Amino acid sequence: MPRSKARAAARPKALSAALTLPLLAGCEGAQSALAPAGEDAAVLATLFWVMLSGAVVLFLAMNGLFFYLTRIRVQAQSETVARWLIVGGGIVLPFVVISALLVWGLSILPDHRQAGDGLRIRVTGEQWWWRVEYWPEGATEPVISANEIRLPAGQRTELILDSAHVIHSFWIPALGGKMDMFPGRETFLSLRPTQPGTYRGQCAEFCGASHAWMAFEAHVMAPEAFDDWLAAQAGPARTASSDAARRGAGIFTREGCGACHTIRGTEHIGVVGPDLTRVGSRTTLGAGRLGVSLDAYRAWITHTGDLKPEVEMPAYDHLSEAEATDLAQYLRGLE
């Protein structure tokens, strides 16, 4: 085959690959609803693929009929044929198909509101972070955390959702559907993750200037590992072990950070901001805004408003670089 013809023959294949690969890549990832890692997300993914398949079939059928009547059988049609096309294809078929999809879609909704296996998690949407309270079965007080969700694999967990100020929407695409969160009203969702791993969640309802930076990670753990983690979370904070961390603890007290933040086992009992008792063990900082390096902690302390517009926490840019580093060392050591 001549080289020019070989190149021409290869073009359709290259174009097909160029179009297909991005579509396939979009089905993967820690925040993809098309890569389900839970029982609820799998049901929703099936619903999506069925509806997409139906839409493709309808698209091909309607365009095929249009092509047939305008390019192959180009002739006048009888009034009877035209009437059947309008009534059958425009009214009866859409009514039957949409009704069947509606009934099926409504039938799977109760599965997403099943009672849990004992664990309850209350999640409150703040501006712009997540307050998380774990209520194991029989507990009289919660284990409090922030900006991440931990779930046991293979168990159904109930999530009680509310909001402190404005409407938010709780969504972990790989684990289940989304649910809105309203001030003064509780909504309910239950999830049964099946694959241990880390998945990304996001507020799916515009909630203000830092909406795009209101994210969190959901960690699905083996049940035994989750029980160990929850027991460790309930204890007091780790005591500062280095000179820098001890200086940082003093700066935390001096600057009045305990008026807004709780560190269990210390005098700091503020409830305005996130609980920092185990902040050093989290995998992101500022509700998904930054990583957890020492530089990230220092940047968050001194440039809060720049990193998260209109956030309530003030920037402590009056601290010297050494003081900011000591405070970052202290917070990072709270594991």
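Nothing fancy with the numbering, it's 1 onward along the sequence. Any value given below was found using the heavy atoms of this structure, including those in side chains, with hydrogens, waters and symmetry copies removed. Remember, it's a predicted structure, so these values are computed and weren't measured experimentally.
Put simply, the side chain of Thr198 never gets that close to the backbone of His219: no donor and acceptor are under 3.5 Å apart. Checking side-chain atoms of Trp128 against main-chain N and O of Cys207 turns up a donor-acceptor pair under 3.5 Å. Using a distance-only test at 3.5 Å, with no hydrogens or angles considered, a donor-acceptor pair links the side chain of Ser163 to the main chain of Val166. Side-chain atoms of Thr253 come within 3.5 Å of backbone N or O of Ala249 as a donor-acceptor pair. Side-chain atoms of Thr187 come within 3.5 Å of backbone N or O of Asp180 as a donor-acceptor pair. Using modelled atom types, no side-chain atom of Lys178 and backbone atom of Ile172 make a donor-acceptor pair closer than 3.5 Å.
At a threshold of 4.5 Å between non-hydrogen side-chain atoms, the residues Tyr199 and Val220 count as touching. Side-chain contact between His168 and Met214 is present, with at least one heavy-atom pair separated by less than 4.5 Å. Counting heavy atoms from C-beta on, the side chains of Leu151 and Met221 never come closer than 4.5 Å. Side-chain contact check for His211 versus Cys203: some heavy-atom pair is nearer than 4.5 Å. No side-chain heavy atom of Leu159 sits under 4.5 Å from any side-chain heavy atom of Phe188. Tyr330 has its side chain within reach of Ile263: a pair of non-hydrogen atoms, C-beta onward, lies under 4.5 Å apart. Using a 4.5 Å cut-off on side-chain heavy atoms (C-beta onward), Phe67 and Asn63 make no contact. Considering only heavy atoms from C-beta on, Val132 comes within 4.5 Å of Ile149 through its side chain.
Residue Trp104 qualifies as enclosed at atom CH2: its count of foreign heavy atoms under 6.0 Å is above 12. Atom CZ of Arg71 has 12 or fewer neighbouring heavy atoms from other residues, nucleotides or ligands inside a 6.0 Å radius. The environment of CG in Leu65 is crowded: more than 12 heavy-atom neighbours from other residues, nucleotides or ligands sit within 6.0 Å.
Ile121 CD1 to Ser190 OG: the interatomic distance, rounded to the nearest 0.5 Å, is 11.5 Å. Here the NE2-CD distance, from His165 to Gln127, works out to 6.0 Å after rounding to the nearest 0.5 Å. Here the straight-line distance linking atom CE of Met179 with atom CZ of Phe170 works out to 10.5 Å at 0.5 Å rounding. We find the OG1-CZ distance between Thr325 and Arg332 to be 11.5 Å, quoted to the nearest 0.5 Å. Here Arg200 contributes atom CZ and Leu175 contributes atom CG; the two are 13.5 Å apart, rounded to the nearest 0.5 Å. The CH2 atom of Trp171 sits 15.5 Å away from the CE atom of Met181 when rounded to the nearest 0.5 Å.
Here the shortest heavy-atom pairing between Ser281 and Gln233 reads OG-NE2, 4.0 Å. For Glu310 against Ala209, the heavy-atom pair with the smallest separation is CD-CB, 3.6 Å. The heavy-atom pair separating Ala33 from Ala45 by the smallest distance is O-CB, 3.9 Å. For the residue pair Trp130 and Gln202, the shortest heavy atom distance occurs at CZ2-C, 4.3 Å. Nearest approach of Tyr297 to Ala328, heavy atoms of both residues: CB-CB, 3.6 Å. Taking all atoms of both residues into account, the shortest heavy-atom contact from Glu133 to Ile144 is CG-CG1, 4.2 Å.
The aromatic rings of Phe252 and His268 stand perpendicular to each other, their planes meeting at an angle above 60°, with 30° marking the opposite boundary.
Using a 4.5 Å cut-off between side-chain heavy atoms of Ile, Leu, Val, Met, Phe, Trp and Tyr, with links allowed through other members, Val292 and Ile301 fall into the same hydrophobic cluster. Cluster annotation: Phe59 and Val56 are assigned to the same hydrophobic cluster (Ile/Leu/Val/Met/Phe/Trp/Tyr, side-chain heavy-atom contacts under 4.5 Å, transitive). Under a hydrophobic clustering in which Ile, Leu, Val, Met, Phe, Trp and Tyr are joined whenever their side-chain heavy atoms come within less than 4.5 Å, directly or via other members, Leu101 and Ile98 fall into different clusters.
When ring centroids are compared, Tyr316 and His318 come within the 6.0 Å threshold.
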Let me check something: any side-chain donor-acceptor pairs from residues 270-279 under 3.5 Å, sequence neighbours excluded? List them with distances.
{"from": "Asp275", "atom 1": "OD1", "to": "Thr277", "atom 2": "N", "distance (Å)": "2.8"}
{"from": "Asp275", "atom 1": "OD1", "to": "Thr277", "atom 2": "OG1", "distance (Å)": "2.7"}
{"from": "Asp275", "atom 1": "OD2", "to": "Arg264", "atom 2": "NH1", "distance (Å)": "3.3"}
{"from": "Thr277", "atom 1": "OG1", "to": "Arg264", "atom 2": "N", "distance (Å)": "2.9"}
{"from": "Arg278", "atom 1": "NE", "to": "Ala232", "atom 2": "O", "distance (Å)": "3.4"}
{"from": "Arg278", "atom 1": "NH1", "to": "Pro236", "atom 2": "O", "distance (Å)": "3.0"}
{"from": "Arg278", "atom 1": "NH2", "to": "Ala232", "atom 2": "O", "distance (Å)": "2.7"}
{"from": "Arg278", "atom 1": "NH2", "to": "Gly235", "atom 2": "O", "distance (Å)": "3.2"}
{"from": "Arg278", "atom 1": "NH2", "to": "Pro236", "atom 2": "O", "distance (Å)": "3.0"}

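A cation-pi arrangement, defined by a distance under 6.0 Å to the six-membered ring centre and an angle within 45 degrees of its axis, is present between Arg289 and Trp213.
Under a 4.0 Å N-O distance rule, the pair Asp162/Arg131 does not qualify as a salt bridge. Ion pairing of Glu158 with Arg156 is absent here, as no side-chain N (NZ or NE/NH1/NH2) approaches a carboxylate O to less than 4.0 Å. The pair Glu323-Arg298 does not count as a salt bridge, with every side-chain nitrogen at least 4.0 angstrom from each carboxylate oxygen.
Arg282 is linked by a salt bridge (charged side-chain N to carboxylate O under 4.0 Å, His left out) to nothing, counting only residues two or more places apart in sequence or in another chain.
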Exercise for review: Assess whether salt bridge (Lys or Arg N to Asp or Glu O under 4.0 Å) is satisfied between Arg122 and Glu186, documenting all intermediate values.
Suggested key: CA-CA 10 Å; Arg122 175 181 289 276; Glu186 292 182 352; 2.6 Å; yes
